[in-house]
Amino acid sequence: MTSAQMASGHGLRGIRVNCSALAERLRAECRTCSVTDTGAGLIVTDSRSPYLKVYVRDDGMVRSRWEYPAPDRRGRIRGLRNDDVDAIMGMGRTFELPGFMLDGAAGEGAVPDGTVLDCTVEHQTIRLRLHLNRQALRLAPHQVHAGVRLARLINVADERYDVWRAYRHLVQDVIDDGGVQRLFSGAPGRYLQTLVDAIASHAGLSLIAALIVDETVRLVDGAQHGQPSADRHLRYVVEDVDYDETTCAHQLAELLRTAVERIERTAARPDPARIRAMRALLTGIVNRLPDSALQAAGVTRGLYGHVLILISWWLGDDPARLADAALRLELATATRGNDASCGDLAEALRLSGGTSICTRAVRNAIPGWRASAAKQAIAAKRAAAAASAAQDVNGTVPGDVLTIR
């Protein structure tokens with residue numbers, strides 16, 4: 001879509017940006033930004049996101065690109081590790097991000113008749129800073145090595161064991177730290193890199209489903225043997241996740257069905273701290289995947305959301321709120337339509353009008369531990385009522401202080 005088409009689609013006519021004023025304000029308010037005024041627009045860079053360039057035209061159109069230089073004679077790019085360079089050379093050195101109009105993507109700054117309202121430099125600066133902050137929080141394209149690691153994940157069992165070990169260590173780190181802030185504060189470490197690459201692969205959705213299943217197996221094993229088993233049950237993550245693109249859809253359908261059934265049938269209550277750490281870790285990774293990684297895997301953040309919602313459902317903190325979240329996810333999927341365009345993976349989720357096997361379970365069923373707790377509560381009430389009735393029969397007079405024996 002051209003900038004003129006985008007501007008017309010948003011009811012913006014003849015928008016002009018005061019580039020000089022915008023550049024001055026960005027320099028004053030964003031210490032990590034560097035701004036170059038070309039005369040026809042601005043080129044904005046951010047030290048937090050090396051090799052990202054944001055181009056602002058004077059008509060309000062903003063384009064962003066990751067632009068990596070060619071490696072030097074030793075095969076290196078400044079600031080990048082060897083695996084980073086391999087990832088870039090495998091995908092290409094330029095990655096375009098979706099463009100947007102600086103005055104707002106939903107008619108912000110315009111009224112229905114097309115008249116443009118005043119959109120101040122302050123608002124434009126905020127919009128640009130939010131865009132830069134979002135990119136700084138996400139992983140850069142060179143920090144996702146799924147393409148480089150994929151062949152090893154398919155052919156080497158130890159690589160798949162490494163994914164499980166990385167997950168275990170990272171969940172424990174999140175529990176110990178009380179959150180994911182430290183984990184995502186810098187460049188990915190060895191464990192985080194391993195898990196990021198696996199989740200960013202074609203089998204990423206299957207991997208998340210397998211992790212959920214293995215957590216239920218770990219919980220049941222702990223209930224039977226007194227403590228959870230960490231390594232005896234690796235069947236799903238290590239043995240049932242095939243990273244071959246041709247089998248991803250079939251295994252995803254099987255793993256999702258297994259995950260939903262096990263959550264419904266597992267009567268033991270999960271450890272809230274562990275499952276919340278699991279949710280924070282996996283959601284944090286998905287939210288930080290760059291668009292280039294999603295495109296390479298043929299998946300969207302919306303599809304990941306359909307699987308991740310099972311974790312919140314298993315926790316069962318607020319069923320009504322979670323059902324509303326499932327409904328919003330379904331509406332967003334149905335409205336955008338791009339989730340359903342992901343082909344076989346969307347089919348494996350059984351997407352129909354935005355609903356999936358996962359959101360249907362969230363809205364129509366309850367986890368096994370909640371059902372068990374409800375049964376126990378009913379049984380306890382009945383036992384209390386029976387005890388009270390028996391006590392009355394034995395001579396207790398309601399409201400009396402004496403008991404006839």
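Along the sequence shown, residues carry numbers from 1.
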Out of Asp86, Asp84, Asp83, which residue meets the side chain to side chain donor-acceptor pair (under 3.5 Å) rule with His145?
Asp84
Ion pair present between Asp162 and Arg165, side-chain N to carboxylate O less than 4.0 angstrom?
yes
Is any side-chain heavy atom of Tyr304 less than 4.5 Å from a side-chain heavy atom of Ile199?
yes
What's the shortest heavy-atom distance between Ala297 and Ala200, and which atoms?
CB-O, 3.3 Å
Find out whether Leu219 and Trp314 are in side-chain contact, i.e. whether some heavy atom of one side chain is under 4.5 Å from a heavy atom of the other.
yes
First locate atom OG of Ser201, then atom CD of Glu245, and finally report the distance between them rounded to the nearest 0.5 Å.
10.0 Å
Return the CG to CG distance between Leu153 and Asp244, rounded to the nearest 0.5 Å.
12.0 Å
Test side chain to side chain contact (heavy atoms under 4.5 Å, CB included) applied to Arg127 and Val62, step by step
CA-CA 11 Å; Arg127 185 79 189 280; Val62 179; over 6 Å; no
Before giving the answer on side chain to side chain contact (heavy atoms under 4.5 Å, CB included), spell out for Gln124 and Asn18 the whole-Å C-alpha distance, their side-chain angles and the decisive distance to 0.1 Å.
CA-CA 10 Å; Gln124 295 169 348; Asn18 188 336; 5.8 Å; no
Any sub-3.5 Å donor-acceptor pair from Thr359's side-chain atoms to Ser356's backbone N or O?
yes
Taking all non-hydrogen atoms of both residues into account, name the closest pair between Ala273 and Ile175 and its distance.
O-CG1, 4.1 Å
Pairs of donor and acceptor atoms involving the side chains of residues 274-287, under 3.5 Å and at least two apart or interchain, shall be tabulated with distances.
from   : atom 1 : to     : atom 2 : distance (Å)
Arg274 : NE     : Glu215 : OE1    : 3.0
Arg274 : NE     : Glu215 : OE2    : 3.2
Arg274 : NH2    : Glu215 : OE2    : 3.0
Arg276 : NH2    : Asp317 : OD1    : 3.2
Arg276 : NH2    : Asp317 : OD2    : 2.7
Arg279 : NH1    : Ser312 : OG     : 3.0
Thr283 : OG1    : Arg279 : O      : 2.8
Asn287 : ND2    : Thr283 : O      : 3.4

Distance-minimising heavy-atom pair for Cys358 and Leu256:
SG-CD2, 3.7 Å
Rounded distance [0.5 Å steps], OG in Ser49 versus CG in Leu132
7.5 Å
Thr125 side, atom OG1; Leu22 side, atom CG - distance, nearest 0.5 Å:
5.0 Å
Rounded distance (nearest 0.5 Å) linking atom CG of Asp214 with atom OH of Tyr236:
8.0 Å
Where the side chain of Gln251 meets the backbone of Asp242, is there a donor-acceptor pair that is under 3.5 Å apart?
yes
Begin with the C-alpha distance, continue with both residues' side-chain angles, and end with the deciding distance and a verdict on side chain to side chain contact (heavy atoms under 4.5 Å, CB included) for Ser64 and Gln135.
CA-CA 10 Å; Ser64 305; Gln135 298 308 315; over 6 Å; no
Using modelled atom types and a 3.5 Å cut-off, is there a donor and acceptor pairing between side-chain atoms of Asp197 and backbone atoms of Arg149?
no
Considering only heavy atoms from C-beta outward, does the side chain of Arg138 approach that of Asp291 to under 4.5 Å?
yes
Is the number of heavy atoms from other residues, nucleotides or ligands within 6.0 Å of CG (Asp176) greater than 12?
yes
Any idea which heavy atoms bring Ala209 and Leu255 closest together, and the distance?
CB-CB, 3.9 Å
Report yes if some heavy atom in the side chain of Asp240 is under 4.5 Å from a heavy atom in the side chain of Val213; otherwise report no.
no
Closest non-hydrogen atom pair, Ser206 against Cys248
OG-O, 3.7 Å
Scanning both residues in full, the closest heavy-atom pair of Ala365 with Glu264 reads CB-OE2, 3.1 Å
Return yes when atom CZ of Arg265 has more than 12 non-hydrogen atoms of other residues, nucleotides or ligands closer than 6.0 Å, and no otherwise.
no
In Å, rounded to the nearest 0.5 Å, how long is the span from OG1 of Thr266 to CD of Glu261?
11.0 Å
How far apart are the C-alpha atoms of Asp177 and Leu183, what are their side-chain angles, what is the distance that settles it, and do they pass the side chain to side chain contact (heavy atoms under 4.5 Å, CB included) test?
CA-CA 9 Å; Asp177 295 340; Leu183 180 64; 5.6 Å; no
Salt bridge or not between Arg257 and Glu254? Use side-chain N to carboxylate O under 4.0 Å.
yes
Ignoring hydrogens and angles, state whether a donor on the side chain of Gln193 or Arg81 is under 3.5 Å from an acceptor on the partner side chain.
yes
Contacts of type salt bridge (charged side-chain N to carboxylate O under 4.0 Å, His left out), residue Arg328, not counting sequence neighbours
none
Counting the benzene-type ring for Trp, do Tyr167 and Trp164 have ring centres under 6.0 Å apart?
yes
Less than 4.5 Å apart, side chain to side chain, heavy atoms only: is that true for Phe95 and Ile88?
yes
Any side-chain heavy atom of Arg65 sitting closer than 4.5 Å to one from Glu96?
yes
Within the structure provided, determine whether Leu97 and Leu52 are in side-chain contact (heavy-atom separation under 4.5 Å).
yes
In residues 28-36, what donor-acceptor pairs under 3.5 Å come from side-chain atoms, sequence neighbours left out?
from  : atom 1 : to     : atom 2 : distance (Å)
Glu29 : OE1    : Arg129 : NH1    : 3.4
Glu29 : OE2    : Arg25  : NE     : 2.8
Glu29 : OE2    : Arg25  : NH2    : 3.3
Thr32 : OG1    : Asp46  : OD1    : 3.0

Describe, in one word, how the ring planes of Tyr51 and Tyr68 are oriented to each other, choosing from parallel (under 30°), tilted (30 to 60°) and perpendicular (over 60°).
tilted
Under 4.5 Å between any side-chain heavy atoms of Leu289 and Val196, yes or no?
yes
